[in-house]
Amino acid sequence: MIKFRAVFASLLAACSLQASAVLAASPASAAVAASCPSHYLDGRPPEIRNPKLAAATRPLCFSEFGVMHSGVTRTALWSAEHLAADQVVAAQGLDRDNAFHPEPRLPRGQRAELSDYARSGFDRGHLAPNGDMPDRTAQRESFSLANMVPQDRDHNRHIWAPIEGAVRKMAKKEGELYVITGPAFLGSSLRRVGNVIVPSHLYKVVYSPRQKAGAAWFVENRSDAPIQVIPVAELERILGIELLPSLNQRQKERMLALPKIRQKKSRY
DNA sequence: CGGCTTCAGCTA
DNA sequence: TAGCTGAAGCCG
């Protein structure tokens, strides 16, 4: 059983200046105007329950995924995809073309810049993965810094990459999946790279319509972190975000079997 | 066991 | 933007 307390007070304490500065710039109506239902289970995007997380948020739609961006953390709070089998096949026929760029739809005072990440020691880690993108347009969109978080190198390459591969494999088997990926900012010692807050954890929710079941990976943002698999309901409590609002509590407890991810032994 | 894939950073 | 570098899981 996990006993994380969702301590977002520290996040706000670390960023109070930015938070107050950007609050006025984010009308709540923007959230409605820019919803993109096709990326979400039953057309319903996640709902932020922890008010502290809601500061300076704005939804952004991309062709193959939708994000909720935070001007406080200068990252997304989630990135959501409807991942279909044929899309995965198309994506796997496309070579990678790195094109990291700041998100032009975001005001400069809220968005991450390439300079925030440069020589930081952290990877620019995709939330919605490049490897899921079926065409050049979607691929380029996935390289928006609005779809990135500062991620530990080894975590990204040796924990997250195999998880992403497992999700694509599962999507081909299940026919379709809904996938939501994002950061968590827990604890009292959050650090930052430039103006971007470094998440303490990353999560990835997978929901299979065919099995009517879901589950989530939840892993600390460091190398050699243990890979935890938890129910959607538990992740929602940890985050203070209702990720799959069209499901009832019982449905959120119904576990989808996720593939086992192998991990290198720790160096001891 | 070796090639393939996937995640990238850095430099010019 | 192109080119070079690198590690490790996956898979046949």
Side-chain angles (χ1 to χ4, degrees), chain A residues 62 64-65 67 74-76 78-79 81 83-104 112-174 177 179-183 191-196 198-199 201-206 217-229 257-268:
Chain A
F62 297 87
E64 297 294 336
F65 59 99
V67 312
R74 304 201 187 197
T75 68
W78 69 74
S79 185
E81 318 154 67
L83 193 58
D86 57 349
Q87 173 187 342
V88 172
V89 172
Q92 290 177 332
L94 206 60
D95 61 328
R96 184 180 176 109
D97 183 16
N98 284 9
F100 296 98
H101 59 274
E103 174 53 52
E113 303 289 346
L114 294 172
S115 56
D116 289 319
Y117 285 88
R119 290 173 299 281
S120 68
F122 284 82
D123 275 12
R124 296 165 291 197
H126 280 73
L127 295 175
N130 162 67
D132 289 357
M133 301 301 148
D135 57 61
R136 285 289 174 211
T137 298
Q139 185 183 53
R140 180 158 205 292
E141 289 176 345
S142 83
F143 280 88
S144 167
L145 293 187
N147 186 44
M148 300 287 161
V149 294
Q151 192 173 2
D152 178 273
R153 275 181 75 98
D154 291 323
H155 183 283
N156 187 22
R157 301 175 187 210
H158 310 317
I159 297 176
W160 221 238
I163 286 177
E164 291 169 344
V167 170
R168 285 188 282 274
K169 188 176 173 182
M170 202 182 331
K172 288 200 277 191
K173 192 181 70 176
E174 296 289 313
L177 296 173
V179 184
I180 306 176
T181 310
R191 55 169 299 182
R192 66 172 72 210
V193 296
N195 291 311
V196 182
V198 178
H201 301 70
L202 276 82
Y203 67 85
K204 187 180 288 287
V205 175
V206 178
W217 281 287
F218 185 64
V219 188
E220 282 182 72
N221 185 18
R222 60 176 176 84
S223 62
D224 299 327
I227 299 175
Q228 303 186 72
V229 175
L258 297 182
K260 185 71 183 169
I261 306 298
R262 290 187 56 83
Q263 271 188 284
K264 195 177 79 170
K265 282 182 189 166
S266 82
R267 289 180 215 106
Y268 282 97

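Chain letters run A, B, ... following the sequence lines, proteins first, then strands; residues in each count from 1.
- Between the CZ atom of R153(A) and the P atom of dG6(C) there is a distance of 11 Å, given to the nearest Å.
- Here the shortest heavy-atom pairing between N156(A) and G125(A) reads ND2-CA, 4.1 Å.
- The distance between atom CD1 of I163(A) and atom P of dA8(C), rounded to the nearest whole Å, is 17 Å.
- Between the side chain of H155(A) and the backbone N or O of W160(A) there is no donor-acceptor pair closer than 3.5 Å.
- To the nearest angstrom, P of dA8(B) lies 14 Å from CD1 of I159(A).
- Atom CG of L114(A) and atom C1' of dT11(B) are 15 Å apart (whole Å).
- Summarising the geometry of N221(A) relative to P199(A), their closest heavy-atom pair is ND2-O, 3.0 Å, with the distance given to 0.1 Å.
- Within the 4.0 angstrom heavy-atom criterion, only backbone atoms of the sugar-phosphate kind lie near F100(A); the bases stay farther away.
- Scanning for side-chain contact (heavy atoms from CB on, under 4.5 Å) contacts around L114(A) gives F100(A), P102(A), R124(A), L145(A), with sequence neighbours left out.
- Put simply, CH2 on W160(A) is 16 Å from P on dG9(C), counting in whole angstrom units.
- With sequence neighbours excluded, the residues that form a side-chain hydrogen bond (donor to acceptor under 3.5 Å, both in side chains) with N98(A) are R96(A).
- Looking only at distances, no side-chain donor or acceptor of D123(A) sits under 3.5 Å from a matching main-chain atom of Q151(A).
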>> Protein within reach of the bases, or only the backbone? For nucleotides 2-7 of chain B, mark each nucleotide 5' to 3' as B, S or -, using heavy atoms under 4.0 Å.
In response: ----SB
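- The list of side chain to side chain donor-acceptor pair (under 3.5 Å) pairs with a residue in residues 126-135 of chain A, not counting sequence neighbours, reads H126(A)-S142(A), N130(A)-Q139(A), D132(A)-R168(A).
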Please tabulate, one pair per line, each protein N/O and nucleotide N/O from nucleotides 10-12 of chain C that are separated by under 3.5 Å, including the distance.
from	atom 1	to	atom 2	distance (Å)
dC11(C)	OP1	K169(A)	NZ	3.3

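- Following rounding to the nearest Å, D152(A) (CG) and dA7(C) (P) show an atom-to-atom distance of 16 Å.
- Nucleic acid contact class of Y117(A) (heavy atoms, under 4.0 Å, all strands): none.
- In this structure, D97(A) has no side-chain hydrogen bond (donor to acceptor under 3.5 Å, both in side chains) partners at least two apart in sequence or on a different chain.
- Whole-Å rounding puts the N98(A) CG to dC4(C) P distance at 15 Å.
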